Amino acid sequence: MDKTKGLATILVFLLFLHTPVWGQGIPMVREIGAMAAAAAPVELAAEPVTVRVALLPDARAQLEAAVAPSSKTKLALTVEVMVYDIPDITYQVYIDLPKDEKPSYKSVYFVGNLAPFLPHAGVHEQRYVARFDITRNVRELRSLNVWNDADLSVTFVARGGVDRSGQQLPVHAGVRARLDSMKVAAITPQ
Amino acid sequence: LLCLWCGGIALGDVVHIRRSIFALDPNGPEIASLRHGIQVMQSRAASDPTSWIYQANMHGTTDQPPQTAWNTCTHRNFFFFSWHRMYLYYLERILRAASGDPNLTLPYWNYSYSVTDPPPQPNPEPGDTTVMWWHKLPLAFRQPANSSNPLFVSQRNPGINAGTTLLEDADVDFSQAFAFTNFEAPTDSGFTSFGGAPPAPGLIHFDGSGVNEGALESTPHDPVHGRIGGWMATINLSARDPIFYLHHANIDRLWKRWLAQNQGRQDPTSDSVWMTTQFTFFDENGQQVQKSGRDILDTVGQLDYCYDDDSGCKIPITVYLGGYWIILGGE
């Protein structure tokens with residue numbers, strides 16, 4: 001009797017763990033763009049790196065739906081990297097950063113930081129997947145008429161901190177991570 | 001329990017106030033108590049749950065053999081905030097007992113001030129012309145730069161310890177995180193939220209990917225760990241560095257500031273997994289204790305602490321008289 005009760009309790013607990021607790025169900029995820037396989041891998045080092053993400057032909061409809069004022073659809077940029085070692089730097093991530101534009105985290109191009117907090121030091125090949133909500137960026141870029149429905153570029157800018165006067169400190173040379181893949185998806189709650 | 005104020009004298013439990021590190025004199029009694037408490041904890045055997053190393057190993061370690069509650073921190077999921085609140089709460093109690101100072105609290109390091117909204121306190125370093133001095137590692141953690149100072153850790157990024165490398169604005173800007181009004185998102189869904197998603201099965205301690213990480217954990221939490229460097233840069237060693245606790249007190253404070261924005265922002269109290277999953281800690285007597293999300297929602301009512309910038313949180317005026325601490329009122 002006790003064993004049966006115990007088993008039932010475990011089963012109920014497992015069901016409870018797998019019950020969605022947010023929204024009405026599993027969100028619908030539609031991939032609308034990806035880094036070309038031929039472009040991978042890309043090494044992230046001290047110098048800025050820009051990588052193209054090709055958007056699918058039907059991306060435009062997804063994008064328009066996502067940026068509509070009352071839309072609940074979100075646009076997510078997923079970046080998968082292999083970190084070679086714990087970096088003492090942060091990569092700032094931008095989309096569609098113009099060539100002559102000075103990177104600024106306050107700009108419409110900035111989507112977030114890539115600064116994985118990892119378990120170990122000095123251990124090569126630690127996988128990390130970062131996900132950035134780029135809905136606001138795409139909405140604003142489209143409103144500024146600087147958005148291209150065919151593709152977007154993603155720029156990684158290494159930052160090594162600032163000095164006492166607020167000037168950027170140089171980033172020491174060396175590869176810190178390998179960019180393996182990038183994807184853009186439109187995600188809609190169900 | 002709340003303080004019971006009676007004619008200006010407090011009866012019952014005291015609400016401890018965590019203060020900005022910039023409001024404390026680096027050579028004053030609060031920092032002295034903190035240093036003493038850490039020294040006492042560091043002098044204890046590693047097998048003692050109230051020792052510095054045992055507590056740090058609860059966050060993460062590769063030390064063997066594993067002990068009770070080691071490697072139980074939660075990262076990259078929606079337990080990140082609640083676990084670290086519990087962790088700091090018990091560590092603070094242990095420090096208080098170890099120091100012998102019943103008023104000891106963990107300070108917080110608010111690195112997110114700006115040029116247009118600087119700290120109300122002056123730069124604690126006379127003659128220092130650093131523009132955004134609050135981006136420097138706080139002075140008491142850099143000087144004296146030797147083993148006489150338990151707040152100093154030589155393993156950090158050298159520029160951080162020298163005060164010549166500072167955090168960047170983009171490292172500590174929490175506006176993106178604060179824009180989210182949802183605390184949690186569905187697991188592996190692609191949605192982002194302030195507090196993260198429930199962990200994927202079996203990944204409550206640490207999710208190898210970062211897809212369930214909350215926005216505030218992404219920034220400023222992660223970049224500050226990396227920028228300080230050394231022990232702070234890794235999950236397995238970071239809690240050995242005393243600055244860890246000021247960083248996480250600030251993260252805990254930012255959780256409260258996020259909630260205070262209202263407009264739909266609330267803790268995931270309808271999520272029974274978040275509310276009831278229990279975590280193990282040790283109190284100041286070395287006794288094993290458990291807490292879950294529902295036990296730590298109200299820092300004043302349930303945990304007897306607040307932050308000096310919380311609405312209604314007043315700094316008590318205390319006197320030591322006849323062997324007792326007497327609280328006379330609040331500032």
Side-chain angles (χ1 to χ4, degrees), chain A residues 14 16-23 25-27 29 74-76 78-81 86-90 92 103-106 110-123 126-133 135-136 157 159-166 168-169 183 185-187 189, chain B residues 60 62 75 128-133 135-136 157 159-160 163-171 173 176 179-180 182 184-187 189-193 197-198 201 206 208-211 213 215 217-219 221-223 225-227 229-230 233-238 268 270-274:
Chain A
L14 288 174
F16 164 73
L17 280 181
H18 285 83
T19 302
V21 292
W22 190 92
I26 298 168
V29 180
K74 298 290 183 186
L75 298 169
T78 303
V79 177
E80 183 174 351
V81 293
I86 297 295
D88 52 359
I89 60 172
T90 294
Q92 294 180 354
S104 166
Y105 80 97
K106 290 183 176 175
F110 179 71
V111 300
N113 290 309
L114 178 64
F117 181 42
L118 296 166
H120 309 286
V123 176
Q126 295 184 76
R127 179 175 174 268
Y128 182 72
V129 183
R131 190 164 277 158
F132 303 100
D133 184 333
T135 316
R136 179 189 63 85
V157 180
R159 306 292 286 232
V162 294
D163 66 16
R164 287 173 174 165
S165 63
Q168 278 294 309
L169 288 165
K183 289 176 183 171
I187 304 150
Chain B
T62 55
H75 284 273
D128 178 27
T129 56
T130 303
V131 181
M132 290 193 279
W133 53 268
H135 282 180
K136 291 169 79 169
N157 177 344
I160 290 288
T164 54
T165 297
L166 280 65
L167 305 177
E168 296 195 35
D169 272 343
D171 295 342
D173 180 62
Q176 277 193 344
F180 289 98
N182 53 322
E184 73 170 287
T187 304
S189 66
F191 280 111
T192 310
S193 65
F206 171 75
S209 86
V211 295
E213 183 168 301
E217 188 178 355
S218 295
T219 298
H221 171 264
D222 290 356
H225 269 284
R227 195 70 79 197
T234 72
I235 289 174
N236 284 338
L237 293 171
S238 55
S270 60
D271 188 320
S272 54
V273 174
W274 191 87

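All chains are named by letter (A, B, ...) in the order of the sequence lines, taking the proteins before the strands, and each is independently numbered beginning at 1. No experiment lies behind these values; they were computed from the predicted model shown.
- Ranked by heavy-atom pairs shorter than 4.5 Å toward chain B, the options A:Ser104, A:Ala130, A:Gly160 are led by A:Gly160.
- Considering CG of B:Asn157 and CG of A:Asp88, their distance stands at 5.5 Å, rounded to 0.5 Å.
- Both the backbone and the side chain of A:Val162 come within less than 4.5 Å of a heavy atom of chain B.
- Using a 4.5 Å cut-off between heavy atoms, B:Glu217 does not touch chain A at all.
- With a 4.5 angstrom heavy-atom cutoff, A:Val79 does not touch chain B via any of its atoms.
- Of the residues considered (B:Ser209, B:Ala197, B:Gly159), B:Ser209 shows the highest number of contacts with chain A, using heavy-atom pairs under 4.5 Å.
- Closest non-hydrogen pair, B:Ala170 versus A:Gln92, comes out as CB-NE2, 3.2 Å.
- With a 4.5 Å cut-off on non-hydrogen atoms, A:Gln168 touches chain B through its side chain but not through its backbone.
- A:Arg159 approaches B:Glu168 most closely through the heavy-atom pair CB-OE2, 3.0 Å.
- Once rounded to the nearest 0.5 Å, the distance linking CG of B:Asp173 with CG of A:Asn113 reads 9.0 Å.
- Put simply, the side chain of B:Asn236 never gets that close to the backbone of A:His120: no donor and acceptor are under 3.5 Å apart.
- Under the side-chain hydrogen bond (donor to acceptor under 3.5 Å, both in side chains) criterion, A:Thr78 pairs with A:Arg131, sequence neighbours left out.
- In this view, B:Asp169 satisfies the side-chain hydrogen bond (donor to acceptor under 3.5 Å, both in side chains) rule with no residue, not counting sequence neighbours.
- For a residue to count as touching a neighbouring chain, one of its non-hydrogen atoms must lie under 4.5 Å from one of that chain's; by this rule B:Ser189 touches chain A with backbone and side chain alike.
- Between chain A and the options B:Asp222, B:Asp128, B:Asp171, B:Thr129, the largest number of non-hydrogen pairs under 4.5 Å is found for B:Asp222.
- Most heavy-atom pairs under 4.5 Å with chain A: of the set B:His221, B:Met132, B:His135, this distinction falls to B:His221.
- Of the two parts of B:Leu166, the backbone and the side chain both hold a non-hydrogen atom closer than 4.5 Å to a non-hydrogen atom of chain A.
- The line from CD of B:Gln176 to CZ of A:Phe110 is 5.5 Å long, rounded to the nearest 0.5 Å.
- Between B:Ser218 and A:Phe132 the shortest side-chain heavy-atom distance does not fall below 4.5 Å.
- Here the closest heavy-atom approach between residue B:Pro223 and residue A:Thr90 is recorded as CB-OG1, 4.0 Å.
- For a residue to count as touching a neighbouring chain, one of its non-hydrogen atoms must lie under 4.5 Å from one of that chain's; by this rule B:Thr62 touches chain A with the side chain only.
- Separating the CG atom in A:Leu118 from the OG1 atom in B:Thr234 is a distance of 9.0 Å, to the nearest 0.5 Å.
- Closest heavy-atom contact between A:Leu169 and B:Thr165: CD1-OG1, 3.5 Å.
- Using a 30° and 60° split on the angle between ring planes, A:Phe117 and B:His75 fall in the perpendicular class, above 60°.
- Annotation: the span from B:Thr164 atom OG1 to A:Arg164 atom CZ amounts to 6.5 Å, rounded to 0.5 Å.
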